[in-house]
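What follows is a single structure, written as structure tokens, with notes after it.
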2 protein chains.
Amino acid sequence: MKTPTRNRRAEILEAAADLFAARGFHGVSIEDIGAAVGVSGPALYRHFSGKEALLAEMLLDISERLREQGARLATTADPDTAEAALDALLSGHIEFALTHPALIRVHERELDNVPEQARRAIRRLQRLYVEEWVTVLSELHPACPPARLRAATHAVFGLLNSTPRSAGELAPEAMADLLRTMARAALSRL
Amino acid sequence: MKTPTRNRRAEILEAAADLFAARGFHGVSIEDIGAAVGVSGPALYRHFSGKEALLAEMLLDISERLREQGARLATTADPDTAEAALDALLSGHIEFALTHPALIRVHERELDNVPEQARRAIRRLQRLYVEEWVTVLSELHPACPPARLRAATHAVFGLLNSTPRSAGELAPEAMADLLRTMARAALSRL
DNA sequence: GGAGTCTGTTAATGATGATTAACATCCGAG
DNA sequence: CTCGGATGTTAATCATCATTAACAGACTCC
């Protein structure tokens, strides 16, 4: 019982993500989360210091993954073709959103329930990710003021993150294609 | 004390909308809502049969307003220019989103907390509103399959409804302009 | 072969919170 | 006037929940 135990934390985080996505942080009890992974209630305290800490770790992980991915893709090869960098960012985000709809949903909705300190860290990561996009976009639209680029970036995130809401309507492939097409168009004329 | 009383219900709905938008349905107590309008706690039961009923009425009202607006704008004058109808729908939705960010947020997030029966009614209204858009879009893109048009509509809503998240970055005027530009572009090539 | 760490379990404990009861006020109608 | 309805108030009631206690099996390392 050593190997399976290693996965417990991750297992809990995953189950909790699904539950939070479906019913919201306050709509899910510790007992619910425990049940979802086959243990009951207070067992979670062996892995996390509390419910908020669990959420904090979850959001930190998501934000960190997005930021890391952003930093990696934005600097992709050709520094002259900002166009290519934008495409890479787009594809990366879409892939993430389609693969982890629950995480996207929680990331979008539950920041307010994270304790102050962690919230600051998460916000910082989110800001860095946005800045990655803004940097690329400012190369494509040098005349566009930064505030507008930032707002445009948030708007595109809203578009891309709509996935969890229109789930099932379209096959993942078709959905990815649609989102890429729409986002590219939306960002082409700023 | 007759005239001011007439407003009580609306006053409560408004205060509750702001609170739900900020902290989520489960994150707000009846006591909180009462305090926000200057009465305390159980007084709300003189106006609503319960917390869920309050939310249900709120979402029904929002969905109804959007649907009504959609039905009105989509049929606007020129039936030949689907282009104009789309612009009208866009401007209407943007105006609503910028004017009532809290309502948009609640409408987007809290449907799951509404009791079954009301939820069905709300979903029906939402569906009608979406179909209004799909009808217009199908005229502009006759070759595009309906499922794709529906997904595109949801995606554009995601874009337009990003307002509450990027609040303050831009002046309302500039924001409306940006959203209109991006949405038009996103919907131009499906 | 036993001490210690890891993970769990099932009972408290203590808050918070929705809803209801019992009891005032105020105001317009008759 | 005074009766009734509309609105409120405060004090129960009853659940639900996060968190902590107390206790137990299992596996590791010595």
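Below, chains carry the letters A, B, ... as their sequence lines are ordered, and counting in each starts from 1.
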Answer yes or no: is there a donor N or O on one side and an acceptor on the other, between the side chain of Ser138(A) and the main chain of Thr135(A), under 3.5 Å? yes
Grab the N/O contacts between the protein and nucleotides 23-25 of chain C below 3.5 Å, and write none if there aren't any.
none

Candidate pair Val39(B) and Arg8(B), rule side-chain contact (heavy atoms from CB on, under 4.5 Å), full reasoning: CA-CA 10 Å; Val39(B) 303; Arg8(B) 218 3 90 85; 3.0 Å; yes
Arg8(B) side chain N/O closer than 4.0 Å to the phosphate oxygens (OP1, OP2) of dA6(D)? no
Would you check if the side chain of Asp32(A) reaches a backbone N or O of Ser29(A) as a donor-acceptor pair within less than 3.5 Å? yes
Start with the C-alpha gap between Met182(A) and Leu187(B), add the side-chain angles, then the distance that decides, and say whether side-chain contact (heavy atoms from CB on, under 4.5 Å) holds. CA-CA 7 Å; Met182(A) 293 182 74; Leu187(B) 291 174; 4.0 Å; yes
For the side chain of Arg119(B) and the backbone of Val114(B), is there at least one donor-acceptor N/O pair under 3.5 Å apart? yes
Lys/Arg-Asp/Glu bridge criterion (N-O < 4.0 Å) met for Arg120(B), Glu116(B): yes
If only atom types and distance count, is the side chain of Arg148(A) paired as donor or acceptor with the main-chain N or O of Leu190(A) below 3.5 Å? yes
Write down the distance between CG (Leu54(A)) and C1' (dT19(D)), rounded to a whole number of angstrom. 14 Å
What does the list of N/O pairs under 3.5 Å between the protein and nucleotides 16-18 of chain C look like, with a distance for each?
unit_1	atom_1	unit_2	atom_2	d
dA18(C)	OP1	Val28(B)	O	3.4
dA18(C)	OP1	Lys51(B)	NZ	2.9
dA18(C)	OP2	Ile30(B)	N	2.7

Output, in order, the C-alpha distance, side-chain angles, deciding distance and verdict of side-chain contact (heavy atoms from CB on, under 4.5 Å) for Phe157(A) and Glu108(A). CA-CA 10 Å; Phe157(A) 287 174; Glu108(A) 218 182 8; over 6 Å; no
